[in-house]
Amino acid sequence: MSLNVPRNQPGLFGASSADRWPQQILTWLPLSLFFPVGLMYAGVLLFYAALLAAGDWRAKWQRLKQHPLLWPILSLTAVSSISALLQHSELVTNDEFWSGFGHYQTYLLLLPFLTLEAGAWQRRALHVFFAGAVLAASLFVANFFQLLPDNTLFRSYVHYLGNKSILLGILLALAAGWMLHELRLRSDHRWLRLLALVYVIAALVLLSKTRTASLLFLAMAALMILRNVRCSWRSLALPLALVLALGAATEYALRMPPPATCIINDAQVAPWDVVRIRAVCSVQQLRDFSAGRKVGEDGMRLEIYRITAGMIAQQPWSGYGIAAWMPQYRQRAIGLSSATMSTPHNDYLLYLSELGVFGLLALLAIWISQLALAWRMARSALPAQREQAMLLAMLSVAMMLGAMFNAILRDGVFAMACMILLALPLAGVRRS
């Protein structure tokens, strides 16, 4: 399969009149991700309204039909629809069922974005995303010095609020990974780019209080290193040094005494101590869990994974039905601290437990298609697509890795943000 962006379409280098407003709105949507989720959804609704008002539906449908991700996305919808018809748990209420069914249709929200033509708006949107990340880093710094007001607009920076706060860290990680790619590509304003990158990474590691985000940035940096590495001992020195450093850090964490608390909201310590506590707690709880010892509240994910894996082993092929994970899990977790959880914090386990093997395969088909598409874009004749290939690859790896620890598609806070960012490298890509 080859990729093609038709050169006779005006949107390749500038917006056609029908697409101008939707493109302008999507250009600024990445900025809304760093603020309360209501702003993001309001921006998405505004985009949909502009797309409806723009008309030209025949051309948009033709573009969408030619997109390589259309059929993988529709395959997940088909699998979840079949499961909804054949597998309905008596423990699930109608409201829970329809809400759960909607979570499996998240990728359908990406399709309207894919009807747009490629153009200069994609690069502007990337710059807006970088500016948003620098602004978010500045808000974290302002909160560290107690200069940020505790209101609705900034509450996720002042307090650790679960998924929204985790999303802010993930966004900083994605921006840092993409900035690193831009730093390699661009020679202009190099010191300014480097300063912005270091600033965002510092806020990510020291102030965002999320382990997942730091891990995602390391994975994206490793991906870029591997993409540009050549087969020689000298070029393998850096990856080897990173592996050795990780091993030494793990050994150090295992030898450290357990912290007074692993609940980061209860730890009144400096930012660099937060990093140390999270690392030590993670390694020690993984060791304790592997040895069969009880883990603390901060390590309850391991407990959730173990019980969910047992659920899946009992009914692997068809799963328990849409929205059935929560009632099934609570029956098995009576008396445990994790009994009130509404998600396994792992999309792979969620899809397996509710949709079965075919649901997981449908999800993996989308993510593998994204990686395959990035690989083909890297070999495109168009310079813009070659540059966007690494952005797509990094985002895909981040989604796949993040789904091991968080509800990347199950939770709308994460999912809609991912769809908006996927639109930046994916809009305008066609299957010839």
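Index from 1, following the sequence.
- The backbone N or O of R155 sits nowhere less than 3.5 Å from a side-chain atom of K164 that would complete a donor-acceptor pair.
- Checked by atom type and distance alone, the side chain of S99 never pairs as donor or acceptor with a backbone atom of D95 at under 3.5 Å.
- Counting only distance, with no hydrogens or angles, the side chain of Q370 and the backbone of S396 share no donor-acceptor pair below 3.5 Å.
- C418 SG to L167 CG: the interatomic distance, rounded to the nearest 0.5 Å, is 8.0 Å.
- A salt bridge links R123 and E182; the closest N-O separation between the charged side-chain nitrogens and carboxylate oxygens is under 4.0 Å.
- Side chains of H159 and D150: a donor on one and an acceptor on the other come within 3.5 Å.
- The distance from the OG1 atom of T212 to the CD1 atom of I408 is 8.0 Å, given to the nearest 0.5 Å.
- Here the closest heavy-atom approach between residue P68 and residue R431 is recorded as CA-NH1, 3.6 Å.
- The only member of I166, N346, L215 that meets side chain to side chain contact (heavy atoms under 4.5 Å, CB included) when paired with F405 is L215.
- With a 6.0 Å radius and a threshold of 12 heavy atoms from other residues, nucleotides or ligands, F358 has its CZ atom at or below the threshold.
- Residue N163 is tested with D411, N406, T343 for a side-chain hydrogen bond (donor to acceptor under 3.5 Å, both in side chains); the sole match is D411.
- In this structure, the side chain of Y305 engages the main chain of H345 through a donor-acceptor pair within 3.5 Å.
- Closest non-hydrogen pair, F34 versus A133, comes out as CZ-N, 3.5 Å.
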- Message: Walk me through whether Y329 and S338 qualify under side-chain hydrogen bond (donor to acceptor under 3.5 Å, both in side chains).
- Response: CA-CA 9 Å; Y329 182 83; S338 62; 2.6 Å; yes
- Given the rule in the side-chain contact (heavy atoms from CB on, under 4.5 Å) test, do L395 and L391 qualify, once you have shown the distances and angles that lead to the verdict? CA-CA 6 Å; L395 180 52; L391 305 183; over 6 Å; no
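- With a 6.0 Å radius and a threshold of 12 heavy atoms from other residues, nucleotides or ligands, W98 has its CH2 atom at or below the threshold.
- Side-chain contact check for M179 versus V134: some heavy-atom pair is nearer than 4.5 Å.
- Taking the six-membered ring where tryptophan is involved, the planes of Y351 and Y104 are perpendicular, since the angle between them exceeds 60° and thus also 30°.
- Checked by atom type, the side-chain pair T308/W325 shows a donor-acceptor distance below 3.5 Å.
- Note: I304 CD1 to M311 CE = 11.5 Å, rounded to the nearest 0.5 Å.
- The aromatic rings of F130 and H127 sit tilted, their planes meeting at an angle between 30° and 60°.
- Although no hydrogens or angles enter the test, the distance criterion places no donor-acceptor pair under 3.5 Å between the side chain of N94 and the main chain of F97.
- Judged purely by atom type and a 3.5 angstrom limit, Q122 uses its side chain to pair as donor or acceptor with the backbone of A427.
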- Given F129 and W28, is the ring pair (Phe, Tyr, Trp, His ring centres under 6.0 Å) satisfied, shown in steps? CA-CA 8 Å; F129 181 51; W28 289 96; over 10 Å; no
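- Residues L392 and L422 meet the side-chain proximity criterion, which asks for heavy atoms closer than 4.5 Å.
- Annotation: cation-pi pair R379/W375 present, NZ/CZ under 6.0 Å from the ring centroid and within 45° of its normal.
- In this structure the side chain of S353 never reaches within 4.5 angstrom of the side chain of Q328, judged on heavy atoms.
- With values rounded to the nearest 0.5 angstrom, L153 atom CG is found 7.0 Å from L39 atom CG.
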- Verdict with supporting geometry, F140 and L168, side-chain contact (heavy atoms from CB on, under 4.5 Å): CA-CA 10 Å; F140 275 120; L168 291 176; 4.2 Å; yes
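- Taking all atoms of both residues into account, the shortest heavy-atom contact from M400 to Y348 is O-OH, 2.7 Å.
- Proximity of E117 to Q23: side-chain heavy atoms (C-beta onward) are separated by under 4.5 Å at one or more points.
- Within 6.0 Å of CD on Q314 lie more than 12 heavy atoms contributed by other residues, nucleotides or ligands.
- Using a 4.0 Å cut-off between charged side-chain N and carboxylate O, R63 and D19 make a salt bridge.
- Here the straight-line distance linking atom CZ of R193 with atom CZ of R184 works out to 13.5 Å at 0.5 Å rounding.
- Looking at V92 and I322, their side chains never come closer than 4.5 Å, going by heavy atoms from C-beta outward.
- Proximity of Y107 to L409: side-chain heavy atoms (C-beta onward) are separated by under 4.5 Å at one or more points.
- Here the side chain of R430 pairs no donor or acceptor atom with the backbone of Q66 at under 3.5 angstrom.
- The heavy-atom pair separating L355 from S83 by the smallest distance is CD2-OG, 3.4 Å.
- Taking a cutoff of 4.0 Å between a charged side-chain nitrogen and a carboxylate oxygen, R410 and D347 do not qualify as a salt bridge.
- No side-chain heavy atom of I82 sits under 4.5 Å from any side-chain heavy atom of Q87.
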- T115 vs H67, side-chain contact (heavy atoms from CB on, under 4.5 Å): CA-CA, chis, key distance, verdict: CA-CA 9 Å; T115 64; H67 203 283; over 6 Å; no
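- Residues L111 and L70 are in side-chain contact: their nearest non-hydrogen atoms beyond the backbone lie under 4.5 Å apart.
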- Task: Decide side-chain contact (heavy atoms from CB on, under 4.5 Å) for L52 and F47; before the verdict, give the C-alpha distance in whole Å, the side-chain angles of both, and the deciding distance to 0.1 Å.
- Result: CA-CA 9 Å; L52 285 170; F47 170 84; over 6 Å; no
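- The nearest pair of heavy atoms linking A173 to L216 is CB-CB, 4.4 Å.
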- Message: Applying side-chain hydrogen bond (donor to acceptor under 3.5 Å, both in side chains) to S32 and Y41, what does each step give before you reach the verdict?
- Response: CA-CA 9 Å; S32 70; Y41 283 115; over 6 Å; no
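- Side chain of E354 to backbone of A323: a donor-acceptor contact under 3.5 angstrom is found.
- Heavy-atom minimum distance, S138 versus Y199: OG-OH, 2.9 Å.
- Taking CD1 of I368 as the start and CG of L361 as the end, the distance is 8.5 Å to the nearest 0.5 Å.
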